[in-house]
Structure formats: structure tokens, C-alpha cells
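Here the structure is laid out as C-alpha cells; the discussion comes afterwards.
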Amino acid sequence: MKTRLDFLTNPVAAKAVKGILLASKAAAESTLPAATGELVMLRASQINGCGFCVDMHTKDAAAAGETSVRLNLVAAWRDAKVFTDAERAALEMAEEGTRLADAAGGVSYEVWANAAKYYDEEQLGALVSIIAIINAFNRLNVITEQPGGDYQPAQFG
């Protein structure tokens, strides 16, 4: 697979990515558990078919201590007993927030209320931000055909 565009060297795309990275940093500095953020980014990337981001978030999560069992079961989280109720709520929000076109009205009131049982306002803000940010990165990578497989943990800092 040949990449269509290098958005690190393209002047317009590089500015856009820089802005998204700043937003990502703000979300990462919240009190939302880092493991939850990685699981959410992995699940959204699986749904969007972003090989680069699946590769990145699987490797970053593993490097941070996440188990292969949990990483392998993210795609089937509903049928796996290895996730907490809070993680399940975050994964469900990630799915509904990623599949906006599939669910008239976006994230349901039930899914929001369930997440709000486990996460405070700051964490909900981070969760929503992470879902939006990973969807933006997924689209950038899929549109420009960024391949997965070569990512090294913490490659971008």
C-alpha cells in the first residue's frame, strides 16, 4: 500500500494534525483512566477500519501493560467478561459515537446515562473528546491510506 499523502510534510495537513494533537493532549491530561482511553480508541479504529490506528493503539496499550486477552477481545467486548462495567459503558459510547449514521440521533440517552454513572464531568468531556479525535485521525489515515504494521510504541512521543 502506497500512502496517498504525507500529512506530516503537507503544510495544510500538518497544521490540521497539529491542532488535533493539541486537543488529544488535553484529553490525555484528564482523569479518565488511560487504559479506558486506549480501549476506546482501539474500538473506534476497528469500526472505522483504520489499520494504522489499530496497530498504534494495540501496541501503545500493550506497552502500558494492557493484556493481550483484553486487547484481543475489544472487538467482542459485549461477549467478554474481562472488562469492567465502566469500560463497557465507555466502549458502548465509543461505538454509538463512531456509528453516528447508523443510529438516528447519535448517542442515546441510555448510553449517556450509563456512562455518567461511572465517569464525572471531566472524564465525560475527555471521553467525548477522545471519541471525536480518534474518529478524525481514523478518517485522515483511511482517506490517505496510511498502512498499519510498522508503528513502534510511543513513536510520536
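We're numbering straight along the sequence, starting at 1.
By the criterion of side-chain heavy atoms lying less than 4.5 angstrom apart, applied directly or through intervening Ile, Leu, Val, Met, Phe, Trp or Tyr residues, V54 is grouped together with L71 in one hydrophobic cluster. The cluster map of Ile, Leu, Val, Met, Phe, Trp and Tyr, joined by side-chain heavy atoms under 4.5 Å apart, puts I131 and Y109 in different clusters.
In terms of heavy atoms, V111 sits closest to V107 at CG1-CG1, 3.8 Å. For V142 against G49, the heavy-atom pair with the smallest separation is CG2-O, 3.9 Å. For the pair I20 and A136, the tightest heavy-atom approach, listed with the atom from each and the gap, is CD1-CB, 4.2 Å.
Within the structure, the salt bridge (Lys or Arg N to Asp or Glu O under 4.0 Å) test picks out no pair touching residues 114-136 (sequence neighbours left out). For the salt bridge (Lys or Arg N to Asp or Glu O under 4.0 Å) condition, no pair includes a residue of residues 6-24, sequence neighbours left out. Counting only residues at least two apart or in different chains, salt bridge (Lys or Arg N to Asp or Glu O under 4.0 Å) contacts with residues 124-141 are absent.
Taking D55 as the reference, K59 meet the salt bridge (Lys or Arg N to Asp or Glu O under 4.0 Å) condition, with sequence neighbours excluded.
Using a 4.5 Å heavy-atom cutoff, the side chains of L124 and W112 are in contact. Side-chain contact check for F83 versus L73: some heavy-atom pair is nearer than 4.5 Å.
N138 CG to N48 CG: the interatomic distance, rounded to the nearest 0.5 Å, is 4.5 Å. Rounded to the nearest 0.5 angstrom, Y119 OH and N114 CG are separated by 9.5 Å. Remark: F7 CZ to L140 CG distance equals 5.0 Å, nearest 0.5 Å. Once rounded to the nearest 0.5 Å, the distance linking OG of S24 with CZ of F137 reads 6.0 Å. Atom CD of E145 sits about 8.0 Å away from atom OG1 of T3, to the nearest 0.5 Å.
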Show me the donor-acceptor pairs, under 3.5 Å and distance only, between side chains in residues 25-39 and residues at least two apart or in other chains.
from : atom 1 : to  : atom 2 : distance (Å)
S30  : OG     : A27 : O      : 2.9
S30  : OG     : L32 : N      : 3.1
E38  : OE1    : H57 : ND1    : 2.9

When the side chains of residues 87-94 are checked against the rest of the protein, which donor-acceptor pairs come out under 3.5 Å, sequence neighbours left out?
from : atom 1 : to  : atom 2 : distance (Å)
E87  : OE1    : R70 : NH1    : 2.9
E87  : OE1    : R70 : NH2    : 3.4
E87  : OE1    : T84 : N      : 2.9
E87  : OE1    : T84 : OG1    : 3.4
E87  : OE2    : R70 : NH2    : 2.7
R88  : NH1    : W77 : O      : 2.9
R88  : NH2    : A80 : O      : 2.1

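Side chain of R43 to backbone of E95: no donor-acceptor contact under 3.5 angstrom is found. Checking side-chain atoms of E96 against main-chain N and O of D102 turns up no donor-acceptor pair under 3.5 Å.
For the side chain to side chain contact (heavy atoms under 4.5 Å, CB included) test with M41, the passing option among V74, I134, D60, I133 is I134; the others fail.
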